[in-house]
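A short write-up of the structure that comes next.
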Amino acid sequence: MIDLRSDTVTKPTAAMRRAMAEAEVGDDVYGEDPTVNRLEERAAEITGKEAALLVPSGTMGNTIAIKCLTRHGQEVICESRGHLLNYELSMTAWFSGCLIRSVDTPDGILTWDRIQPVIRPAGPHAADTGCIELENTHNMAGGTVYPPEVLREVCARAHALGLRVHLDGARIFNAAEACGASVRDLCEPADTVMFCLSKALGAPVGSMLAGPRDVIAQGRLYRKRLGGGMRQAGVLAAAGLVALEETPPKLAEDHANAKMLAEGLANMRGVRVEPAVPATNIVIFDVGATGLAAAELSARLRGRGVLINPIGPTTLRAVTHYDVSRADCRRALEEIAAALPGR
Ligand SMILES: *Cc1c(COP(=O)(O)O)cnc(C)c1O
């Protein structure tokens, strides 16, 4: 099976498995797991933040960040296709008691001119804005990347108004690779950042939340409340530490494979790729003009050994990662061409 459903499907490498087997561990709820402590220090260093926290999932990292940056009854500004709004079971409402004020964009990139009009002061009829959330890369917009100057401008202007910014950097390493900046530079303007070890980086489990020391200390308590206080989590952290060193240099290859997939798809009649040239490892394409529903194409492809998920009635999303090679991507294109009608 060629699995292009997500970069979450990556399996731990031999080096990760070795590190897991040999990990020095302790009870992390007591703060005594040396491998978790090392991973948290390393994540803080890479993001340029004072402290970091290992959480079981990206969803928990975002949930904790929003809780720390808001008060009950406020609003959180978020792009309308954002993961926070659409794929986290309304945790912003459920846990933080906040409403998401969503903003449409063509490309997932929230610029200040789109944010500024929806910032609300507290008043007799309106809840005030608690924080702003940005997603880099933007998953459902097709792995799009914030230009670093947009990140800097949004955060500077938000800070001037006393508003904090959370960066959903689930794929921040892909963003850094695509724009030639360091992860640290991309995280610097934001107050808190979450990134996933378990996606393109390839670790089996885990995400990191990084930010100011006091926020992370508070976040540690929310992690416990949410059931994320883990014990000998060094077994997982060990894989994360390897992933941070081993995988970033491989991401350029994933991005090149995504571009090749996009080109091949664009040459098929009735298929439209949006954006036409993927910036990172996510390819979103529309097959509406072929007359085939996305779910039907996905089912046909499964029968041909290729897994690609539909994300809308006529759209699908293919995600490249280190467990699919260039040859796999070429074969996936052949199978897609064969599965489309009239061929
Ligand atoms: C996957 C993802 C998350 C959440 O990560 P989980 O570990 O699946 O909870 C958050 N934001 C974005 C943009 C993602 O792609």
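Side chains included, hydrogens not; waters and symmetry mates left out as well; all remaining heavy atoms used. We count ligands from 1, going down the list as the structure has it; atoms in each ligand are counted the same way.
At a 4.0 Å heavy-atom cut-off, ligand 1 touches T59 through backbone and side chain alike. If you look at T8 next to ligand 1, there are no close heavy atoms at all, none under 4.0 Å. By the criterion of a heavy-atom distance under 4.0 Å, the side chain of E135, and not its backbone, is placed next to ligand 1.
Of all atoms in ligand 1, listed by their number and element, those nearer than 4.0 Å to a heavy atom of E88 are 10 (C). Close approach of ligand 1 to G58 is summarised as follows: ligand atoms under 4.0 Å from at least one heavy atom of the residue are 4 (C), 5 (O), 6 (P), 7 (O), 9 (O). Close approach of ligand 1 to M194 (heavy-atom distance below 4.0 Å) involves ligand atoms 10 (C). Near R171, meaning under 4.0 Å from one of its heavy atoms, ligand 1 places the atoms 15 (O). Of all atoms in ligand 1, numbered sequentially from 1 with element shown, those under 4.0 Å from a heavy atom of S57 are 7 (O), 9 (O).
Ion pairing between E79 and R114 fails under the 4.0 Å rule for side-chain N and carboxylate O. With salt bridges taken as basic N to acidic carboxylate O contacts below 4.0 Å, none links E334 and R331. The existence of a salt bridge linking R184 and E188 is excluded, since no basic side-chain nitrogen approaches an acidic carboxylate oxygen closer than 4.0 Å.
Checked by distance only, ligand 1 and M60 stay at 3.5 Å or farther apart across all their nitrogen or oxygen atoms. Some N or O of D168 is nearer than 3.5 Å to an N or O of ligand 1, by distance alone. Polar contact check, N139 against ligand 1: a nitrogen or oxygen pair lies under 3.5 Å apart. The shortest N or O to N or O distance between S198 and ligand 1 is not below 3.5 Å.
Of the protein's non-hydrogen atoms, the one nearest atom 10 (C) of ligand 1 is H83 ND1, 3.2 Å. Nearest to atom 1 (C) of ligand 1 among the protein's heavy atoms is K199 NZ, 1.2 Å.
Within a 6.0 Å sphere centred on CZ of R326, other residues, nucleotides and ligands contribute more than 12 heavy atoms. The environment of L221 atom CG is dense: over 12 non-hydrogen atoms of other residues, nucleotides or ligands sit within 6.0 angstrom. Around atom CD of E153, more than 12 heavy atoms belonging to other residues, nucleotides or ligands sit under 6.0 Å away.
Side-chain atoms of D191 and H159 include a donor-acceptor pair closer than 3.5 Å.
Identified under the side chain to side chain donor-acceptor pair (under 3.5 Å) test for residues 17-28, with sequence neighbours left out: D27-R231, D28-R223.
Closest heavy-atom contact between R164 and C68: NH2-O, 3.4 Å.
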